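Everything numeric here is computed off the predicted structure, so don't read it as measured data. Residue numbers start from 1 in every chain, and the chains themselves are labelled A, B, ... in the order their sequence lines are given, proteins ahead of strands. Only this structure's heavy atoms are used, side chains among them; waters, hydrogens and symmetry mates stay out.
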Amino acid sequence: METGEVAATAVALEDATVAFRLADARVYTAVEKARLTVDHGEFVAIVGPTGCGKSTLLNVAAGLLKPAAGAVRIFDRPLSGLNRQAGYLFQADALFPWKTALDNVAIGLEIAGTPRRTALAEAQHWLTSVGLGAFAGRYPHMLSGGQRKRVALAQVLIRNPKILLMDEPFGPLDAQTRQVMGNLLLELWTRDRKAVLFVTHDLEEAIALADRVVIMSAGPGSRIIGDWKVPLQRPRDIFEIRLDPGFHDLHREIWSMLKDEVMKGYVQSTQPEARV
Amino acid sequence: MSRIRLLSLQILVAIVLIGAWQLFSTVPVFGHMLLPPFFFSTPLDVGSQIVDWFTTGVIWKHLAITLWESILAFVIGSLGGVLFGFWFARQPRVAAVFDPYVKMANSLPRVVLAPIFTLWLGLGIWSKVALGVTLVFFIVFFNVYQGVKEVSTTVLANGRMLGMSERQLMRHVYWPSALSWMFSSLHTSVGFAVVGAVVGEYLGSAAGLGYLIQQAEGTFDVGGVFAGMFVLSAFVILIDIGVTLVEKRLLVWRPDAAEGRG
């Protein structure tokens, strides 16, 4: 789709500030001067307390939101409009309920002009990759939450985006399913190492999956306040990596910082004035 | 409750009601008829009238006319409703300008339009179709409008991120969503199409089930009125069964439609 040149930085947010105009004409600053880069092939997780603007930041990288100030560069080019290089995995159900699992996966290719038959064959292949080869004819409501996430993952990956943006994709799932999905994600990611920006509120999930963990402060006007490299070996198994001493050390270190922000975020979310 | 038990109870209700009707309209109680046949007819008379209609075959012509009027009213009303619903939902400014007029038109009891349609379109089928259209149009219009407005923002954002153009969003997101809302009101709109046709016929026509009922009423033939009513309800039930079949096919992807099956 694009030229083959490879820039070192896939996503660069340069002092991106995001603000919303409230109903009473006040301006609410969600994210203040965020500076963040995701390198080619790098898996970065953003962790922060509830309502800190993690998803906002992701939407800026996707081009769904325009920053009020600052710049977004995608492979060293300024982003205007939607980010065509990125695939986006949403937190809420985003599958087309009126399409079967197979059609949901194939649609990304079909709208790009791939003949339907080729698109369907490719979609079947991707469904098999996510372990749902036998569920091609099911509609989303006939699938479990975890299965829907698998379809959504296939739907995004079939277009072979260079960047993967994920907004608490496994948030609604139960703990076991989340770990299974995490392993599936790592397995698929290892094949071609896309740049990943993964938003979560779960620090354990972030450390287990990512190369780097970025911490955001509580909103409003949240900033990026920490950036840790995760020195754990790959390939990883999500079930076992939690037993690794290195995992524990890092978790303790990051949590000591995150804890304060989580408390701040909690206090703010209980005060009616500060709520948006 | 087993199927057979349920069915036999349902039939029992009919037998008791019709039996009571037959009894009180033919056997005097204390020298006094509780249901005078002049006002209430008798089930036997009504039945023989229905049998008569079908054996002589006169009823088919009237059924066909009413059916044809209903179909035309449904198709034209739905097409208009879909087009305008889409247009208004995608152009909020147009919707805002026309809003009071749409509300006004919708609040009008449609029966009062019948004489005007008869004046404009004559006593043939088109004045009845027009009446049905005014009923069907608003149901479909409001549903499609709602359907397009309430497309999930996540699904929409997903479509955009998957690379859909505005035209493709229309085809793959807005359109199926609007259609699903339209189909969810299918029973109501088909029902109203029939209502429009029959009421129109009743108020002035030369054929159709409404005409048949009106004729019987004009000659104080209460049996004929009841016979017409029974044929009409059987007709509506048959159409409704047809709609249910179509709905099951078209809305397989909907959770509630599937639950109805179990």
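- Annotation: B:Tyr202, atom OH; neighbour count of heavy atoms from other residues, nucleotides and ligands within 6.0 Å does not exceed 12.
- For A:Phe90, the part sitting under 4.5 Å from any heavy atom of chain B is the side chain, from C-beta outward, and nothing else.
- No more than 12 heavy atoms of other residues, nucleotides or ligands sit less than 6.0 Å from atom CH2 of B:Trp68.
- Separation of atoms CE (B:Met164) and CG (A:Leu82) is listed at 12.5 Å; rounding is to 0.5 Å.
- Within residues 94-111 of chain B, no residue has any heavy atom less than 4.5 Å from a heavy atom of chain A.
- With a 4.5 angstrom heavy-atom cutoff, A:Gln91 does not touch chain B via any of its atoms.
- Enclosure of atom CZ in B:Arg171 is not indicated, since only 12 or fewer non-hydrogen atoms of other residues, nucleotides or ligands lie within 6.0 angstrom.
- Around atom CD1 of B:Ile4, no more than 12 heavy atoms belonging to other residues, nucleotides or ligands sit under 6.0 Å away.
- Heavy-atom proximity under 4.5 angstrom to chain A picks out B:Thr154, B:Val155, B:Ala157, B:Asn158, B:Gly159, B:Arg160, B:Met161, B:Leu162 from residues 150-162 of chain B.
- Atom CZ of A:Arg117 has 12 or fewer neighbouring heavy atoms from other residues, nucleotides or ligands inside a 6.0 Å radius.
- Considering NE2 of B:His172 and CH2 of A:Trp98, their distance stands at 11.0 Å, rounded to 0.5 Å.
- Proximity to chain B (any heavy atom under 4.5 Å) is restricted, for A:Leu95, to the backbone atoms N, CA, C and O.
- Taking 4.5 Å as the limit, every side-chain heavy atom of B:Trp253 sits out of range of all side-chain heavy atoms of A:Pro140.
- In the displayed structure, B:Phe141 atom CZ is contacted under 6.0 Å by more than 12 heavy atoms of other residues, nucleotides or ligands.
- Interface summary for chain B: among A:Leu64, A:Asn59, A:Leu89, the most heavy-atom pairs under 4.5 angstrom belong to A:Leu64.
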